[in-house]
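Before any comments, here is the structure.
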Amino acid sequence: MTTMLADAAANPFGMADRRFAHDLHDDLIEGARALRPLLERFAAQNEASGRVADEVIKAVGATGAFSMAVPRRWGGLGASSRTMALYCAEIGKGCPSTAWVVSILNSTAWIGSKTSEPMQRKIFGNEIGKICGPQVGGGKLVQHGGQHLVTGKWTYASACYHADWGLVPATGEDGEVKLVLLPMRDVKIEHSWDVSGMRGTGSETLVAADVRVGSDQFCNKSVLGEITQGGSEPSDFWQSIPVLRAKALGVLVGTVQGLFDCVVRGKDKPYIYVTGYPRRCDSPVYQAAVGEIACKIAAAQLLLEETTGLADQAAENQRQLDMVERSMIGAKAGLVTELLSHCTDRLMDLSGSSGFADVNAAQRYWRDYHMGSRHIIFNRDLAYEVLGQRLLGFEDMIVPPERV
């Protein structure tokens, strides 16, 4: 960790806590950028093993990656969503699965900072813990013999192999859905992540059977829609979907940037054998395609920075984004994936059939992008529909407001 980052972590209240730690942005991005050779070296191994290598996690953690979303009141860095999105983009250039893990661990760290004060102290009090947070599935929280017991099953537990805690939904005896903090040592990881892309994210299934939890390990899930009680830092004023989407969208931008670099490295290879071009880059069609794709990737990143900047500025002003703003951010995220999806397919066209060889990293970037972009948070049609409904004055929306 650089000197500036180390100082920020050691003296969390040395900076004005009404603003994000914008002065750490360059150090964080440079730290991520410097990891690219290591990330590229381990990317195939991560995919084969179904989890990010411990050596990679250690190196990423040394840059401050897993403290970015943690508030300064707990010794975190208090980074902006723009910084985190661009950090994930840099990591995604080298290994999309690692970038997804970084994104998830920061998303769940922020969710942890929204829980009750006793839960926050449990997670961050002694040292900043890593949290996975699968929300698909469910469980039951019951009181038995003076103890609270949790039983349930939850899927898509990305980053579970590196987590200290699992933060999961479970229904209490009062009928309310709780966020429950489970020590990972007390749950079983069930292998279920057999997919074509993002294989290294370890998005497995968590299973709990009568896991005992204290009263400082659960609170109502409704806290996610509220401003943190006594909130004084800008991250306390973020709204769930815009900030959770931002980091993952950075992963997608970086993945396509990585694919672009991978394809362009092959520019001097022979072109289609029926043409007279000695190299691919000698073809005007190839040249124009490279220029078009580079422009569209740059436009996607600009949209990412614009939308994260809007959410960050609102949080610094302790203002909640209105529904039209949130709907527009979601729709622009859809537009980002529309641009990037076109770019991935055109890049593979430029690669030719050799781009799909197992030894060619291009096909892994291509698969990782198309898997990651299918996450429900990026559904373009739904995002455009929600924005259209708002602009047309519909009162009843197809998506609940807290999910926009």
Locate the shortest heavy-atom distance separating [X] from [Y]; write the atom from each residue and the value.
{"X": "Val251", "Y": "Met198", "answer": "CG1-CE, 4.0 Å"}
{"X": "Arg380", "Y": "Ser341", "answer": "NH1-OG, 3.6 Å"}
{"X": "Glu47", "Y": "Asp368", "answer": "OE2-OD1, 4.5 Å"}
{"X": "Phe124", "Y": "Ala109", "answer": "CZ-O, 3.5 Å"}
{"X": "Ala314", "Y": "Leu321", "answer": "CB-CD2, 3.7 Å"}
{"X": "Lys247", "Y": "Ser107", "answer": "CE-OG, 3.0 Å"}

Using 0.5 Å steps for rounding, measure from the [atom1] atom of [X] to the [atom2] atom of [Y].
{"X": "Leu339", "Y": "Ile297", "atom1": "CG", "atom2": "CD1", "value": "10.0 Å"}
{"X": "Gln363", "Y": "Ser353", "atom1": "CD", "atom2": "OG", "value": "13.0 Å"}
{"X": "Arg199", "Y": "Ser97", "atom1": "CZ", "atom2": "OG", "value": "9.5 Å"}
{"X": "Arg367", "Y": "Thr344", "atom1": "CZ", "atom2": "OG1", "value": "13.0 Å"}
{"X": "Ser232", "Y": "Phe237", "atom1": "OG", "atom2": "CZ", "value": "8.0 Å"}
{"X": "Leu382", "Y": "Ile376", "atom1": "CG", "atom2": "CD1", "value": "6.0 Å"}

Would you mind listing every side chain to side chain donor-acceptor pair (under 3.5 Å) that reaches into [range], with sequence neighbours excluded?
{"range": "residues 130-150", "answer": "Gln135-Lys221"}
{"range": "residues 167-176", "answer": "Asp174-Lys178"}
{"range": "residues 207-216", "answer": "Thr151-Asp210"}

Backbone of [Y] reached by a side-chain donor or acceptor of [X] within 3.5 Å:
{"X": "Thr115", "Y": "Ile111", "value": "no"}
{"X": "Asp282", "Y": "Arg279", "value": "yes"}
{"X": "His162", "Y": "Val52", "value": "yes"}
{"X": "Asn360", "Y": "Phe356", "value": "no"}
{"X": "Gln120", "Y": "Ser113", "value": "yes"}
{"X": "Glu233", "Y": "Arg72", "value": "yes"}
{"X": "Glu305", "Y": "Arg82", "value": "no"}
{"X": "Gln217", "Y": "Leu181", "value": "yes"}
{"X": "Ser67", "Y": "Val70", "value": "no"}
{"X": "Asn106", "Y": "Ala65", "value": "yes"}

Check whether any side-chain heavy atom of [X] lies under 4.5 Å from a side-chain heavy atom of [Y], and answer yes or no.
{"X": "Leu77", "Y": "Leu28", "value": "yes"}
{"X": "Phe378", "Y": "Leu252", "value": "yes"}
{"X": "Leu259", "Y": "Met348", "value": "yes"}
{"X": "Val187", "Y": "Val168", "value": "no"}
{"X": "Gln45", "Y": "Glu55", "value": "no"}
{"X": "Leu24", "Y": "Thr83", "value": "no"}
{"X": "His370", "Y": "Ser196", "value": "no"}
{"X": "Val386", "Y": "Arg326", "value": "no"}

Neighbour count above 12 (heavy atom, 6.0 Å) for [X] [atom1]:
{"X": "Asp268", "atom1": "CG", "answer": "yes"}
{"X": "Phe394", "atom1": "CZ", "answer": "no"}
{"X": "Gln313", "atom1": "CD", "answer": "no"}

Worked check of side-chain contact (heavy atoms from CB on, under 4.5 Å) between Ile293 and Val263: CA-CA 11 Å; Ile293 293 165; Val263 170; over 6 Å; no
Test side-chain contact (heavy atoms from CB on, under 4.5 Å) applied to Arg33 - qualifying residues, sequence neighbours left out: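 Counting only residues at least two positions away or on another chain, Arg33 forms a side-chain contact (heavy atoms from CB on, under 4.5 Å) with Ile29, Glu30, Glu90.
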The single option from Leu206, Thr205, Leu167 passing side-chain contact (heavy atoms from CB on, under 4.5 Å) against Pro134: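 By the side-chain contact (heavy atoms from CB on, under 4.5 Å) criterion, Pro134 pairs with just one of Leu206, Thr205, Leu167: Leu206.
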Step-by-step side-chain contact (heavy atoms from CB on, under 4.5 Å) determination, Glu338 to Tyr384: CA-CA 12 Å; Glu338 195 169 336; Tyr384 292 153; 2.7 Å; yes
Residue pairs passing the ring pair (Phe, Tyr, Trp, His ring centres under 6.0 Å) test where at least one lies in residues 293-348, sequence neighbours excluded: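 The answer is none; no pair qualifies.
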Inter- and intrachain pairs under ring pair (Phe, Tyr, Trp, His ring centres under 6.0 Å), touching residues 171-213, at least two apart: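 For residues 171-213: none.
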side-chain contact (heavy atoms from CB on, under 4.5 Å) between Asp345 and Trp366, worked out: CA-CA 8 Å; Asp345 290 339; Trp366 182 75; 3.2 Å; yes
Glu306 bridged to Lys332 by N-O distance under 4.0 Å: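 So Glu306 pairs with Lys332 through a salt bridge.
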Derivation and outcome, side-chain contact (heavy atoms from CB on, under 4.5 Å), residues Leu244 and Trp110: CA-CA 9 Å; Leu244 299 181; Trp110 175 74; 4.0 Å; yes
